[in-house]
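Step one of this worksheet: look at the structure below.
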Amino acid sequence: MNRAHLTIDPHFVVGPVNRRLFGSFVEHLGRCVYDGIHEPSHPRADADGFREDVIELVRELGVSAVRYPGGNFVSGYRWEDGVGPREDRPRRLDLAWHSTETNEVGLDEFAVWLDKVGSELMYAVNLGTRGIQEALDVLEYANIASGTALSDQRRRNGTPAPHDIRMWCLGNEMDGPWQLGHGTAEEYAQIASKTAKAMRQVDADLELVVCGSSGAQMPTFGTWERVVLEATYDDVDYISCHAYYEPKDGDLGSFLASAVNMDRFIDSVAATADHVKAVLRSDKTMYISFDEWNVWYQSRYNDVDKITAADEWPVAPRLLEDSYSVLDAVVFGNLMISLIRHADRVTSASLAQLVNVIAPIMTEPGGDAWRQTTFFPFALTSRLAQGTTLRLRLDCPTYETAQYGEVPVVDAVATHDAESGRSAVFLVNRSLDEDVTVDIDVSMLGAVSIAETHMIHDDDIHAANTRDDQDRVRPTGNDSARLESGTITVTLPPVSWTALGLH
């Protein structure tokens with residue numbers, strides 16, 4: 001049997017676990033908004049048309065902040081279409097997803113929904129087809145209490161108090177040729193810097209996110225970050241990262257090691273930001289907003305599937321509705337481990353997306369809402385990961401992958417909250433066919449006990465929760481966990497994710 005050893009010491013701190021790490025993403029894409037969070041005809045719709053069963057699941061998921069309204073959608077979006085009397089709102093073509101947008105839900109409605117689920121609003125402005133003035137307009141509408149044309153318009157529209165949005169994204173994936181308004185790094189940096197400076201003239205304390213690369217595989221990756229940050233370093237607080245993962249050519253070993261790629265991606269972006277910091281002789285540290293991440297089977301979709309006749313573009317079509325397996329949930333949980341491991345630099349993250357579209361929550365019109373397999377590692381990590389991330393010493397076997405070379409069989413992260421005395425350990429076994437027993441030295445934590453254990457594992461790694469079998473996959477306890485003389489011993493089955501809560 002393979003064996004690994006893990007040492008946990010609360011004196012070795014990476015950084016505080018920011019609650020924004022457990023954020024998500026809602027885009028006007030497919031059935032995420034319409035038939036997802038908003039379905040006025042549903043038996044469980046509330047007075048505002050929002051599905052109460054979805055609200056309950058989002059609360060259970062523990063989502064701290066939600067990025068809105070895009071995504072690719074935002075680069076063609078006119079925010080003012082989504083405010084005011086619904087009967088006066090125009091229907092528009094959404095060029096990003098070849099759909100028709102009704103604008104039934106906009107900024108004010110979405111803010112109401114966020115109040116119901118207890119999450120913060122993270123807003124993206126359109127720097128694709130629009131620019132500085134529109135960003136200033138939506139900022140005035142959203143954040144000024146009263147006494148101006150747009151703030152008073154918001155009040156007339158039924159929202160007396162300002163939304164007080166603190167975190168703003170300056171466009172979306174502007175390095176991508178698929179993006180409306182795509183340009184060079186120099187072109188984007190110029191408009192982002194001007195927009196940031198203008199928004200700070202309204203409120204100097206806004207938190208602003210500049211677009212990094214859409215993925216580490218982009219041909220301009222690295223150069224894009226350097227050029228953009230050289231022009232915007234003093235204007236913004238974060239640079240974004242986006243990454244999606246799926247198995248390539250049946251290579252499950254590499255897929256299970258996807259977090260290795262995320263680690264390298266984060267380290268590269270942080271290194272580039274620190275290079276710019278040194279060149280500019282700045283005292284400021286640039287943080288990372290990993291505001292799109294997930295397992296996404298992009299190879300299942302291609303441009304051939306798009307409806308090309310503009311007069312046939314549907315409202316809220318079924319798009320990107322991936323069904324997630326146990327295998328996907330284990331990789332997903334490992335990606336969360338990577339994000340928490342980098343808590344000193346990644347202080348905001350957004351799971352893309354929240355409902356129906358590559359999402360942990362699925363719904364049927366007029367019917368049920370249920371949890372996908374990826375729901376569980378997110379909800380448990382959001383609840384258990386408190387305090388600070390600890391720097392671990394992990395010794396374990398390795399295996400060879402086609403994409404990432406030699407990687408550890410086990411991956412892990414731990415958090416510790418000195419105030420409450422609670423700690424948590426999150427572990428993944430990437431092996432396809434072998435158990436690994438892990439000895440965890442917790443003696444430096446003092447007198448602790450194992451309060452709870454949770455595990456995602458199934459003999460069928462492709463098992464999934466579906467409309468017809470919504471509880472096929474559920475977390476179980478990992479009953480192998482034992483504590484003796486300051487050491488926890490726990491056995492990790494193949495392709496499994498385990499969480500330990502310690503008091």
Do [X] and [Y] have side-chain atoms, one donor and one acceptor, less than 3.5 Å apart?
| X | Y | value |
| --- | --- | --- |
| N261 | Y245 | yes |
| S420 | D417 | yes |
| Q386 | T415 | no |
| T363 | N356 | yes |
| Q353 | S24 | no |
| D94 | Y77 | no |
| D368 | Q470 | yes |
| H38 | D48 | no |
| Y123 | N143 | no |
| E173 | H242 | yes |
| D435 | T491 | no |
| H42 | D35 | no |
| N478 | S480 | yes |
| H462 | S325 | no |

Look at the side chain of [X] and the backbone N and O of [Y], then say whether any donor-acceptor pair between them is shorter than 3.5 Å.
| X | Y | value |
| --- | --- | --- |
| E434 | P494 | no |
| N465 | V473 | yes |
| S289 | Y238 | no |
| T389 | I340 | yes |
| D251 | S254 | yes |
| Y324 | V295 | yes |
| D175 | S214 | yes |
| R154 | A145 | yes |

Salt bridge or not for [X] and [Y], using N-O below 4.0 Å?
| X | Y | answer |
| --- | --- | --- |
| R78 | E101 | no |
| R318 | E321 | yes |
| R92 | E104 | no |
| E39 | R31 | no |
| R371 | E60 | yes |
| R341 | D411 | yes |
| R300 | D322 | yes |
| D471 | R474 | yes |
| D46 | R51 | no |
| E207 | R166 | no |

Looking at [X] and [Y], what are the two nearest heavy atoms and their distance?
| X | Y | result |
| --- | --- | --- |
| N172 | S75 | O-OG, 4.2 Å |
| L351 | F332 | CD1-CE1, 3.4 Å |
| T381 | W497 | OG1-CZ2, 3.5 Å |
| A412 | L394 | N-CD2, 4.4 Å |
| I456 | A329 | CG2-CB, 4.0 Å |
| C211 | S240 | CA-OG, 3.5 Å |

Considering residues at least two apart in sequence or located in another chain, which fulfil the side-chain contact (heavy atoms from CB on, under 4.5 Å) criterion with [X]?
| X | result |
| --- | --- |
| V407 | A257, V260, Y399, T401, Y404, R430 |
| Y244 | E292, N294, W296, Q298, A352, I358 |
| D469 | T466, R472 |

Under 4.5 Å between any side-chain heavy atoms of [X] and [Y], yes or no?
| X | Y | answer |
| --- | --- | --- |
| V209 | I239 | no |
| R91 | V315 | yes |
| S258 | Q403 | no |
| V66 | L121 | no |
| F375 | I361 | yes |

Exercise. Given V125 and V74, is the side chain to side chain contact (heavy atoms under 4.5 Å, CB included) satisfied, shown in steps?
Worked result: CA-CA 7 Å; V125 299; V74 78; over 6 Å; no

Exercise. Does the side chain to side chain contact (heavy atoms under 4.5 Å, CB included) test come out yes or no for I266 and S338, once each step is laid out?
Worked result: CA-CA 9 Å; I266 293 169; S338 175; 4.0 Å; yes

For this session: Any chance you could lay out the side chain to side chain contact (heavy atoms under 4.5 Å, CB included) test for D263 and I337, step after step, and finish with the verdict?
Result: CA-CA 10 Å; D263 288 338; I337 287 173; over 6 Å; no

Exercise. How about E419: does its CD atom have over 12 heavy atoms from other parts shown lying under 6.0 Å from it?
Worked result: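 At most 12 heavy atoms, drawn from other residues, nucleotides or ligands, come within 6.0 Å of this atom.
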
Exercise. Could you walk me through whether I288 and H342 pass the side chain to side chain contact (heavy atoms under 4.5 Å, CB included) check?
Worked result: CA-CA 10 Å; I288 293 171; H342 292 90; over 6 Å; no

Problem set entry | Identified side chain to side chain contact (heavy atoms under 4.5 Å, CB included) partner of L354 from the options V33, L57, V63 | V63

Problem set entry | For C241, the option from V346, L339, V269, D291 that meets side chain to side chain contact (heavy atoms under 4.5 Å, CB included) |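 Passing option: V269.
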
Seminar exercise, completed: ring-ring contact (aromatic ring centres under 6.0 Å, His included) with H28: of F110, W97, W79, Y34, only one passes, and it is Y34

Problem set entry | Option among S382, S64, S348 that satisfies the side chain to side chain donor-acceptor pair (under 3.5 Å) test with R19 |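 It is S382; the other options fail the test.
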
Problem set entry | ring pair (Phe, Tyr, Trp, His ring centres under 6.0 Å) between F221 and F265, worked out | CA-CA 10 Å; F221 171 61; F265 188 11; 5.3 Å; yes

Problem set entry | Over-ring placement of R391 relative to F12, 6.0 Å and 45° cut-offs | no

For this session: Check the angle between the aromatic planes of W293 and F378 and answer parallel, tilted or perpendicular using the 30° and 60° thresholds.
Result: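 Ring orientation, 0 to 90° scale: parallel.
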
